[in-house]
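A short write-up of the structure that comes next.
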Amino acid sequence: MPKGCEKFPTVVPPLSFAVRSAFTPALFFCLDSPKSTMRLSRYFLPILRETPKEAEIVSHRLMLRAGMMRQEAAGIYAFLPLGFRVLQKICRIVREEQDRSGALELLMPTIQSAELWRESGRYEAYGKEMLRISDRHEREMLYGPTNEEMITEIFRAYVRSYKDLPLNLYHIQWKFRDEVRPRFGLMRGREFLMKDAYSFDVDQAGARNSYNKMFVAYLRTFARLGLKSIPMRAESGPIGGDMSHEFIILASTGESEVYCHKDYLDFAVPSADIDFDDPALLQATVDKWTSLYAATSEKHDPASFAKLPPDKQVSARGIEVGHIFYFGTKYSEPMKALVATGDGKEVPVHMGSYGIGPSRLVAAIIEASHDDAGIVWPEAVAPFKVALLNLKQGDAATDGACEQLYRDLTKKGVEVLYNDLDERPGAKFAAADLIGVPYQVLIGPRGLAEGKVEVKRRADGSREMMSPVAASDLLAR
RNA sequence: CGGGGUAUAGCGCAGUCUGGUAGCGCGUCUGCUUUGGGAGCAGAAGGUCGCAGGUUCGAAUCCUGCUGCCCCGACCA
């Protein structure tokens, strides 16, 4: 697998590398992990045995203990190498599904000009949640809490005709919202990473189709992240508009109450080859996923809910991981983003915006998938696929078997974290369980006496003794 | 933004009431023994006690002001 993050080689890169590099949008969100395998002795993984007292919810506790992140200020976090790997994997999946749906990635800045926000009227309206700053010339700037104004400005600078529509532009960029009370670690930080997409259509019917594309893309995205998500009708919130869904995942520690029909949990997610150019199919898919009762507490209607068969009523807690809006001409009108229609008129463009918080997802996935021993990563977002545990460091036979399997898996492109520290087995088991990678390979004298190693699945704790070759084959699948 | 806490070594804490020059556990470092579920022994390092004033012969401890962080509520991708 090409490594998007590697330094440029001094020789002419092979074609595949050059092509891949051309599609790498920004170095700091590059598509591939910097190095697929790692010796723990050379890694930076500051595992804590005790929980820092500021951490209240489970994802926050586990992320601190697993050395994934560090708090730098209230609601502001640094991602350490292990946490950053997970964040990158989430971003990659989000990006792939956005691209699949036809959205185009760009990258807008974090700092914006106040002028832009005065055009939409939101500079005053947004309130204290917006971080306002001024530069050396006393020009008023702000750290973007969202990007409707800027994307509208970009759009109107270039697009004049309905023939250039539909268009959907997105980026993955840090946002800052000066929450009154940041809490729950990454779940409600002030600085957070957001994928925000913006659609442009000539009329409402077109906008509906663009909305449906994102709806389907979101269903696929969350499923690939190992989550069960349920779209729920939502208030449109401060951004405005009248068509809006929140995507909620169920987790007992979630912050909002949700109510839905049980059948949602078994709905099949659209497959990867769904035709995004088939509006009828998209509409049918959205219709299906909005046919049954599902609502957050704000939109909850107890009377309707009570009409569901009792065994189909799910009342649970959930975490909002995505939110999609149609808001019509709310920004295009005041900002004069106009396009010519087929009959020669000029109309303000119809827009929607679509958000996913990858940094929140890191925490949300942990909330949805952990046990008493630590995190249980879904394979798609796990920082590594395999933890290789040397149970008797310094023992020639054990070291040899570990080194050989490590080299073998590395060659096969399997992401391995090799615990080669001079620690006792118990400490290595605890650390491996805590960081939650899907597979553990335990290599020690006891198994090697019979030519075997042990493969343990983190998710269910099941174990199996097998030859190193069989383990290698299994893990490379 | 209202209410309530808290700040002492990398992490978790005691010491503050009753002022006398800072301690415990874990972690870290060195050595030896150990090695299949967070090992044992011996030794060592590490703290302007959040910051600034004040009271006092003397302040982690008492007084005043400030700041950071956390929790509950209202608000939010």
Side-chain angles (χ1 to χ4, degrees), chain A residues 46-57 60-61 64-65 67 70-76 94 126-130 144-148 172-197 218 234-239 244-249 255-256 296 298 319-325 353-361 363-364 372-374 389-395 398-399 419 421-434 440-449 452-454 456 461 463 465:
Chain A
I47 284 177
L48 304 177
R49 216 164 142 166
E50 290 173 274
T51 307
K53 64 177 172 183
E54 76 262 17
E56 186 70 12
I57 62 165
H60 194 192
R61 282 203 301 268
L64 291 171
R65 285 200 55 214
R70 175 170 180 79
Q71 180 167 352
E72 294 297 341
I76 299 177
V94 168
Y126 215 93
K128 292 184 121 177
E129 253 182 56
M130 185 153 75
T146 179
N147 283 63
E148 280 82 5
I172 299 176
Q173 178 62 290
W174 293 97
K175 304 290 187 290
F176 192 91
R177 295 185 188 173
D178 201 356
E179 300 280 348
V180 188
R181 178 147 104 89
R183 56 182 137 170
F184 305 146
L186 284 180
M187 296 275 287
R188 174 97 47 94
R190 290 194 294 172
E191 187 182 61
F192 57 96
L193 192 60
M194 183 159 109
K195 185 288 298 179
D196 39 328
Y218 275 34
E235 297 291 349
S236 44
I239 289 179
S244 168
H245 283 89
E246 289 180 356
F247 285 76
I248 305 279
I249 60 161
E255 48 179 336
S256 43
T296 57
E298 299 94 55
I319 300 169
E320 182 186 345
V321 291
H323 201 158
I324 60 179
F325 294 89
S353 77
Y354 314 90
I356 290 179
S359 54
R360 169 182 275 194
L361 272 167
D372 290 344
L389 309 190
N390 183 334
L391 299 184
K392 190 166 184 179
Q393 200 72 36
D395 175 75
T398 308
D399 288 355
N419 190 336
L421 300 180
D422 186 16
E423 285 181 331
R424 294 174 58 89
K428 295 191 178 186
F429 294 141
D433 288 348
L434 175 64
Q440 296 172 17
V441 183
L442 321 183
I443 302 184
R446 206 161 85 187
L448 287 178
K452 301 255 174 91
V453 301
E454 185 169 359
K456 173 187 163 185
R463 299 149 178 275
M465 301 295 295

Considering every strand and a 4.0 Å limit on heavy-atom distances, what is the contact class for [X]: base, sugar-phosphate, or nothing?
X        : result
A/Asp433 : base
A/Gly127 : nothing
A/Ala55  : nothing
A/Gly355 : nothing
A/Arg190 : nothing
A/Lys456 : base

Using atom [atom1] of [X] as one end and atom [atom2] of [N] as the other, report the distance to the nearest whole Å.
X        : N     : atom1 : atom2 : result
A/Ile172 : B/A77 : CD1   : P     : 19 Å
A/Arg177 : B/C76 : CZ    : P     : 11 Å
A/Asp372 : B/G38 : CG    : P     : 16 Å
A/Arg188 : B/C70 : CZ    : P     : 13 Å
A/Met130 : B/A77 : CE    : P     : 16 Å
A/Phe184 : B/C72 : CZ    : C1'   : 10 Å
A/Arg65  : B/C26 : CZ    : P     : 16 Å
A/Arg360 : B/C76 : CZ    : C1'   : 8 Å

Which nucleotide, if any, forms a Watson-Crick or G-U wobble pair with [N], using both distances under 3.5 Å?
N     : answer
B/G37 : none
B/A44 : B/U28
B/A59 : none

Heavy-atom check, side chain of [X] versus side chain of [Y], under 4.5 Å:
X        : Y        : answer
A/Leu448 : A/Ile443 : yes
A/Lys175 : A/Asn147 : yes
A/Lys128 : A/Val180 : no
A/Arg463 : A/Leu442 : yes
A/Glu320 : A/Ile248 : yes
A/Glu454 : A/Leu389 : no
A/Arg177 : A/Thr146 : yes

### Message
Could you walk me through whether A/Arg183 and A/Ile57 satisfy the side chain to side chain contact (heavy atoms under 4.5 Å, CB included) test, starting with their C-alpha distance in whole Å, then the side-chain angles of each, then the deciding distance to 0.1 Å, before giving a yes or no?
### Response
CA-CA 9 Å; A/Arg183 56 182 137 170; A/Ile57 62 165; over 6 Å; no

### Task
Just compare B/A74, B/C69, B/G38 and give me whichever is closest to any side-chain atom of A/Arg183.
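In terms of side-chain proximity for A/Arg183, the closest of B/A74, B/C69, B/G38 is B/A74.
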
### Task
Sequence neighbours left out, what passes ring pair (Phe, Tyr, Trp, His ring centres under 6.0 Å) with A/Phe247? Give chain and number order.
A/Phe215, A/Tyr218, A/Phe222

Quick test: give all pairs of protein nitrogen or oxygen and nucleotides 7-11 of chain B nitrogen or oxygen below 3.5 Å, distance rounded to 0.1 Å.
from  : atom 1 : to      : atom 2 : distance (Å)
B/C11 : O2     : A/Glu50 : OE1    : 3.3

Which heavy atom in [X] sits nearest to a heavy atom in [Y], and how many Å separate them?
X        : Y        : result
A/Pro358 : A/Lys195 : CD-N, 3.7 Å
A/Leu391 : A/Gly444 : CB-CA, 4.0 Å
A/Phe184 : A/His60  : C-ND1, 4.3 Å
A/Ala74  : A/Arg190 : O-NE, 2.8 Å
A/Met465 : A/Gly447 : CE-CA, 3.9 Å

#### Entry: Side-chain N or O of A/Gln71 closer than 4.0 Å to phosphate OP1/OP2 of B/G68
no

#### Entry: Under-4.0 Å side-chain N/O to phosphate OP1/OP2 contact, A/Arg49 with B/C26
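So the side chain of A/Arg49 is outside the cut-off, no N or O lying under 4.0 Å from OP1 or OP2 of B/C26.
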
At a cut-off of 3.5 Å, list every protein nitrogen or oxygen paired with a nitrogen or oxygen from nucleotides 28-35 of chain B, distance to 0.1 Å.
from  : atom 1 : to       : atom 2 : distance (Å)
B/U34 : O2     : A/Arg424 : NH1    : 3.1
B/U35 : O2'    : A/Leu391 : O      : 3.3

Can you tell me how far [atom1] in [N] sits from the matching atom in [M], rounded to whole Å?
N     : M     : atom1 : result
B/A9  : B/G46 : C1'   : 6 Å
B/G54 : B/G47 : C1'   : 24 Å
B/C62 : B/G15 : C1'   : 16 Å
B/C49 : B/G68 : C1'   : 16 Å
B/U8  : B/U48 : C1'   : 12 Å

### Message
Quick check: on RNA chain B, is the nucleotide nearest A/Gly75 upstream (toward 5') of the one nearest A/Glu320, or the reverse? Name the residue that is more 5'.
### Response
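Whichever sits nearer the 5' end wins; that is A/Gly75.
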
### Task
List the steps, then state whether side chain to side chain contact (heavy atoms under 4.5 Å, CB included) holds for A/Glu72 with A/Arg70.
CA-CA 6 Å; A/Glu72 294 297 341; A/Arg70 175 170 180 79; 3.6 Å; yes

Polar atom pairs (N or O), protein with nucleotides 1-5 of chain B, under 3.5 Å:
from : atom 1 : to       : atom 2 : distance (Å)
B/C1 : OP1    : A/Lys128 : NZ     : 2.9

For nucleotides 42-44 of chain B, print each protein N/O atom paired with a nucleotide N/O atom at under 3.5 Å, atom names and distance only.
none

### Message
The criterion is salt bridge (Lys or Arg N to Asp or Glu O under 4.0 Å); which residues satisfy it with A/Arg188, sequence neighbours excluded?
### Response
A/Glu255

### Query
Is the aromatic ring of A/Phe429 within stacking range of B/G38, meaning centres under 5.5 angstrom and planes under 30 degrees?
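Taking the rule of under 5.5 Å and under 30°, the ring of A/Phe429 does not stack on B/G38.
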
